[in-house]
Amino acid sequence: IAVLRIQIIQTNIEYCIGTYSKKFVIDDPDDDKFVNCALELGARVIVSGDKHLLEIKRIFGIDILKPSEFLHRHAPRSGTSTIPTIQAGL
């Protein structure tokens, strides 16, 4: 069941080139690209295991969640998810 849910969620992942270049993650500037990409795409969630991103928790209305937290909150129970999501540096 978990594999099926992950496959359903993967169909809702978008990719971006990352034209934004603002600085958000003080402790790890390499992570800024994920926040910038989420902003560019209008995502509501960033899914990541990165500790620096997870410490932020929420930025500009974008939740930053561990994969397990995302599945708990947003995994479709009978259908597909329509939440725009960025999966960052796992």
Side-chain angles (χ1 to χ4, degrees):
I1 294 175
V3 173
L4 176 61
R5 286 187 176 172
I6 290 170
Q7 288 174 344
I8 291 169
I9 292 166
Q10 285 177 338
T11 63
N12 292 300
I13 294 174
E14 294 187 50
Y15 299 90
C16 72
I17 295 171
T19 56
Y20 288 11
S21 60
K22 296 184 182 195
K23 306 295 179 198
F24 301 105
V25 188
I26 295 167
D27 292 333
D28 191 356
D30 286 343
D31 291 340
D32 288 330
K33 62 186 166 229
F34 301 115
V35 177
N36 284 308
C37 190
L39 289 169
E40 183 176 329
L41 292 175
R44 295 187 303 205
V45 179
I46 296 172
V47 179
S48 178
D50 183 88
K51 73 175 190 170
H52 298 109
L53 285 173
L54 291 168
E55 286 172 356
I56 296 171
K57 296 183 183 177
R58 187 171 173 85
I59 187 166
F60 299 110
I62 302 168
D63 289 325
I64 303 173
L65 305 173
K66 293 178 184 177
S68 60
E69 292 172 319
F70 176 81
L71 286 173
H72 179 73
R73 291 187 193 183
H74 300 290
R77 289 178 179 47
S78 61
T80 60
S81 175
T82 58
I83 299 171
T85 306
I86 301 298
Q87 186 169 355
L90 296 177

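The structure displayed is predicted, hence computed values, not measured ones.
- Atom CD1 of Ile26 is separated from atom CG of Asp32 by 9.5 Å, given to the nearest 0.5 angstrom.
- Taken to the nearest 0.5 Å, the CD1 atom of Ile56 stands 13.0 Å off from the CZ atom of Arg58.
- Put simply, the residue from Val25, Val35, Leu53 that forms a side chain to side chain contact (heavy atoms under 4.5 Å, CB included) with Ile59 is Val35.
- To the nearest 0.5 Å, atoms CG (Leu71) and NZ (Lys66) are separated by 13.0 Å.
- Between Arg73 and Asp63, some side-chain heavy-atom pair lies under the 4.5 Å cut-off.
- The two residues Ser48 and Leu54 have their closest heavy-atom pair at O-CD2, 3.5 Å.
- Once rounded to the nearest 0.5 Å, the distance linking CD of Glu69 with CD1 of Ile64 reads 11.0 Å.
- Between Leu65 and Phe70, the shortest heavy-atom distance links the atoms CD1-CA, 3.9 Å.
- Atom CZ of Phe24 sits about 8.0 Å away from atom CD1 of Ile62, to the nearest 0.5 Å.
- Residues Val47 and Pro67 approach most closely at CG1-CA, 3.6 Å, considering heavy atoms.
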